[in-house]
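Structure record follows, encoded as structure tokens.
None of these values were measured; they are calculated from a predicted model. The basis for the numbers below is simple: all heavy atoms, side chains too, and nothing from hydrogens, waters or symmetry mates. Chain A is the first sequence line, chain B the second, and so forth, proteins listed ahead of strands; every chain is numbered from 1.
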Amino acid sequence: MPGQVRTRFAPSPTGYMHIGNLRTALYAYLIAKKYDGKFLLRIEDTDQERYVEGAIDIIYKSLKLAGLKHDEGPDIGGPFGPYVQSQRKDIYMEYAKKLVDLGAAYYCFCSKERLAELKQGQEASGDTPKYDRYCLDLSRHEVQKKLDEGHPFVIRQKIPDVGTISFTDVVYGTITVNSNELDDQVLIKSDGLPTYNLANVVDDHLMRITHVVRGNEYLSSTPKYNLLYEAFGWEIPVYIHLPLILRPTGQKLSKRAGDPSFEDLVSMGYLPEAIVNYIALLGWSPGTTQEIFSLEELEEQFTIEGISKSPAIFDIKKLIWLNGEYIRILPLEDFNRLAMLYYKGAIKNENIDFMKLSKVLQLRTEVLSSIPENVDFIDNLPEYETSLYVHKKMKTDENVSLASLKTALPVLEELQTWDETVIHDALISLAGEMGIKNSQLLWPVRVALTGKEVSPGGAIEMASILGKSETIRRIKIGIEKLTRY
RNA sequence: GGCCCAUUAGUCAAGCGGUUAAGACACCGCCCUUUCACGGCGGUAGCAGGGGUUCGAGUCCCCUAUGGGUCACCA
């Protein structure tokens with residue numbers, strides 16, 4: 001294929017970037033990068049009824065967050081602009097008229113009422129709704145007359161009566177349909193704006209798109225677009241249709257069903273890099289056993305051959321794992337900065353060394369939003385049962401624990417400096433002196449300090465983070481609970 | 001319903017006529033260990049069903065079933 005590879009991401013501004021959309025953008029981007037080509041952003045806003053305020057900003061923001069930089073687009077311009085379809089209205093009309101001249105399209109003056117009636121009748125008799133070509137044979141003169149009289153009109157594509165149409169998709173292979181399955185769809189709406197059916201063809205050609213990357217839902221309408229390319233005498237792009245991403249119950253992802261958007265996932269505590277990594281693997285395989293990919297690695301290793309045909313289910317479990325992997329490799333400072341957003345709401349105590357907390361928490365965090373529940377004991381020691389002190393493997397029960405806490409209390413109170421090393425040495429040697437296992441001393445202390453079954457660190461780490469006076473206070477509470485028991 | 005597409009473990013998936021059918025998540029067990037987690041080791045679990053073609057089929061063909069997509073003046 002001569003010339004430079006050019007792909008595009010062409011979302012309509014609905015205000016919601018779902019995971020499937022993002023993945024389409026990602027693959028289009030990767031294909032461009034892989035072949036050293038250009039990736040462009042085009043806004044498909046030809047349906048003004050669906051316009052949502054601020055939706056374009058969400059698109060910019062999402063792409064930026066995902067690291068998908070476009071080379072041309074509404075915000076940065078480019079040689080084939082404008083990149084917003086509503087600003088290209090005249091272009092589409094011009095090409096639609098050309099199609100009429102070519103005999104590949106025709107004016108239609110049917111009212112919406114007539115169309116609705118027609119459809120209703122066809123459905124009632126069990127037929128597939130299809131335009132009846134009422135206006136197809138209007139003479140040039142009749143058409144001109146109606147236009148002069150100011151009748152509202154649409155321009156419809158004229159599908160050949162007979163024959164089959166084939167096209168080849170890189171992932172799905174050659175697909176053939178009967179032209180009688182196709183409807184004479186509207187190309188230009190009565191508001192003068194084009195439908196997707198015309199706009200995508202005109203723009204992809206004018207913007208020199210070489211590889212059309214889009215969701216599988218366009219597979220069945222692609223033959224109609226090919227007819228248009230052929231009528232214009234334009235080169236047909238390489239088609240790459242992507243399998244759908246489904247929700248765990250098997251349906252298409254949807255906003256209505258509550259499936260999270262990309263931004264939702266980010267605000268739920270997933271890192272953009274992890275999400276991108278995860279969706280790259282939903283529908284594509286590198287052919288190796290590598291699972292962790294930076295965007296740069298994807299750019300190098302992505303292959304069109306690796307795209308699969310079958311739909312994939314969005315499995316949050318694997319994303320959680322992957323997110324944990326990304327969190328663990330973060331520099332401590334970066335993790336701390338991210339975690340701070342969650343600490344703020346959960347911890348009011350100002351004496352906490354957050355960096356110290358982050359250090360123990362980082363290994364244990366898979367999703368940032370789980371942080372608050374993991375650190376809730378810091379501000380307030382939870383109410384807990386003395387049964388927490390009973391642990392078979394640690395060889396502790398209430399009696400052992402009470403003895404351990406009572407012995408540990410004065411030792412800790414005497415400590416002049418309060419850091420992990422000092423606390424560690426004091427407690428470990430104490431266990432030695434007492435002739436008990438480390439766990440028989442440390443488990444009770446950890447329980448007393450946190451009041452929880454699990455905590456983001458052991459007794460020594462928790463004591464260090466909570467500080468001396470709070471540690472002492474909590475151990476006393478523990479002793480009291482166990483004494484009462 | 002018509003047309004189009006898909007179907008390897010619970011999930012993502014490798015496989016492109018001859019394999020003990022990779023790997024990952026999840027799950028289970030063991031080890032490490034002051035809890036949990038991390039890490040290490042091991043395990044359970046799969047070619048939707050039926051016909052062909054072939055010396056040989058997860059791989060090719062047909063049928064059935066299931067799932068999905070599409071049939072708009074939405075994209």
Problem set entry | Pairs involving residues 365-374 of chain A, ordered by first then second residue, that meet side chain to side chain donor-acceptor pair (under 3.5 Å) (sequence neighbours left out) | none

Exercise. Does any pair with a residue in residues 7-23 of chain A pass side chain to side chain donor-acceptor pair (under 3.5 Å), and if so which ones, sequence neighbours excluded?
Worked result: Arg8(A)-Asp204(A)

Problem set entry | Distance test, side-chain N/O of Thr46(A) to OP1/OP2 of rA75(B), below 4.0 Å | yes

For this session: For Ser285(A), enumerate each residue passing the side chain to side chain contact (heavy atoms under 4.5 Å, CB included) test, keeping only those at least two apart in sequence or located in another chain.
Result: none

Exercise. Contact class for Ser190(A) vs. all strands (heavy atom < 4.0 Å): base, sugar-phosphate, or nothing?
Worked result: base

Exercise. Which letter, B, S or -, goes with each nucleotide of nucleotides 9-16 of chain B from 5' to 3', with contact meaning a protein heavy atom under 4.0 Å?
Worked result: --SBSS--

Exercise. How does protein reach along nucleotides 35-50 of chain B, written 5' to 3' as B (base within reach of a heavy atom under 4.0 Å), S (only sugar-phosphate), or - (no contact)?
Worked result: BBBSS-----------

Exercise. What distance, rounded to whole Å, do you find between the two C1' atoms, one in rU7(B) and one in rC47(B)?
Worked result: 10 Å

Exercise. Of Leu319(A) and Lys224(A), whose nearest nucleotide on RNA chain B comes first from the 5' end?
Worked result: Leu319(A)

For this session: Under the ring pair (Phe, Tyr, Trp, His ring centres under 6.0 Å) rule, collect the residues that match up with Tyr278(A), sequence neighbours excluded.
Result: Phe314(A)

Problem set entry | Contacts of Gln301(A) that satisfy side chain to side chain contact (heavy atoms under 4.5 Å, CB included) - sequence neighbours left out | Gln290(A), Phe293(A), Glu297(A)

Problem set entry | Residues forming a side chain to side chain contact (heavy atoms under 4.5 Å, CB included) with Thr128(A), sequence neighbours excluded | none

For this session: Apply the test side-chain hydrogen bond (donor to acceptor under 3.5 Å, both in side chains) to residues Asn197(A) and Gln185(A): give CA-CA distance (whole Å), side-chain angles for both, the deciding distance (0.1 Å), then the verdict.
Result: CA-CA 8 Å; Asn197(A) 309 119; Gln185(A) 66 195 338; 3.2 Å; yes

For this session: Give, ordered by number, those residues of residues 164-176 of chain A having at least one heavy-atom distance below 4.0 Å to an atom of RNA chain B; if nothing qualifies, reply none.
Result: Tyr172(A), Ile175(A), Thr176(A)

Exercise. Which residues satisfy the salt bridge (charged side-chain N to carboxylate O under 4.0 Å, His left out) test with Arg214(A), sequence neighbours excluded?
Worked result: none

Problem set entry | Euclidean distance for P, rA37(B) against rC60(B) (whole angstrom) | 43 Å

Exercise. Sequence neighbours excluded, which residues qualify as ring pair (Phe, Tyr, Trp, His ring centres under 6.0 Å) partners of Phe153(A)?
Worked result: Tyr107(A)

Problem set entry | side-chain N/O Lys252(A) vs rU70(B) OP1/OP2, d < 4.0 Å | yes

Seminar exercise, completed: Applying side chain to side chain contact (heavy atoms under 4.5 Å, CB included) to Ser358(A) and not counting sequence neighbours gives Leu332(A), Phe335(A), Asn336(A), Ala339(A), Tyr343(A)

Seminar exercise, completed: Residue pair Ile460(A)/Glu49(A) against RNA chain B: nearer the 5' end by closest nucleotide is Ile460(A)

Exercise. Is any side-chain N of the basic residue among Arg133(A) and Asp161(A) closer than 4.0 Å to the acidic one's carboxylate O?
Worked result: yes

Problem set entry | Residue-phosphate contact under 4.0 Å: Lys189(A) side-chain N/O, rC74(B) OP1/OP2 | yes

For this session: With heavy atoms under 4.0 Å as the rule, sort Leu115(A) into base, sugar-phosphate or nothing.
Result: base

Exercise. If you check every side-chain atom of Arg50(A), which of rC4(B), rG68(B), rC74(B) has the closest atom?
Worked result: rC74(B)

